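Computed from a predicted model, the values in this text were never measured in an experiment.
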Amino acid sequence: MSTQPATPSAAAVRGTCAELTSTGRPVTFTAVAELTGISRTTLYRRHDLRQLIEQHRETDRDNLVP
């Protein structure tokens, strides 16, 4: 049985990004791929998924203390 979802879900990516942020871990394509079971290639190639991750990465950077 495969652990990858049949269709990569924006909701899964959004939830994983929120979880990473709330636990203080950096939002990276590798971390999202590992936690969702969606390949990094798919995360990069699917514009909607890539945009979600990049938005969370920007938010993560904005919350850093200088």
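- Annotation: the span from Glu19 atom CD to Arg14 atom CZ amounts to 15.0 Å, rounded to 0.5 Å.
- Closest approach of Leu43 to Phe29, counting heavy atoms only: CD1-O, 3.6 Å.
- The heavy-atom pair separating Ala31 from Leu20 by the smallest distance is CB-CD1, 3.9 Å.
- Nearest heavy-atom pair across Ser39 and Ala33 is C-CB, 4.3 Å.
- Applying the salt bridge (Lys or Arg N to Asp or Glu O under 4.0 Å) rule to Arg45 yields no partners; only residues at least two apart in sequence or on another chain are considered.
- What you find for Ala10 and Leu49 is that their closest heavy atoms are CA-CD2, 3.7 Å.
- For the residue pair Val32 and Thr16, the shortest heavy atom distance occurs at CA-CG2, 4.0 Å.
- The line from CD of Gln51 to CD1 of Ile53 is 11.0 Å long, rounded to the nearest 0.5 Å.
- Remark: Arg50 pairs with Glu54 by the salt bridge (Lys or Arg N to Asp or Glu O under 4.0 Å) rule, at least two apart or across chains.
- Annotation for Arg57 and Thr28: closest pair NH1-CA, 4.1 Å, computed over non-hydrogen atoms.
- Proximity of a side-chain donor or acceptor of Thr42 to a complementary backbone N or O of Ile38 within less than 3.5 Å is not detected.
- A heavy-atom distance below 4.5 Å is found between the side chains of Leu35 and Arg25.
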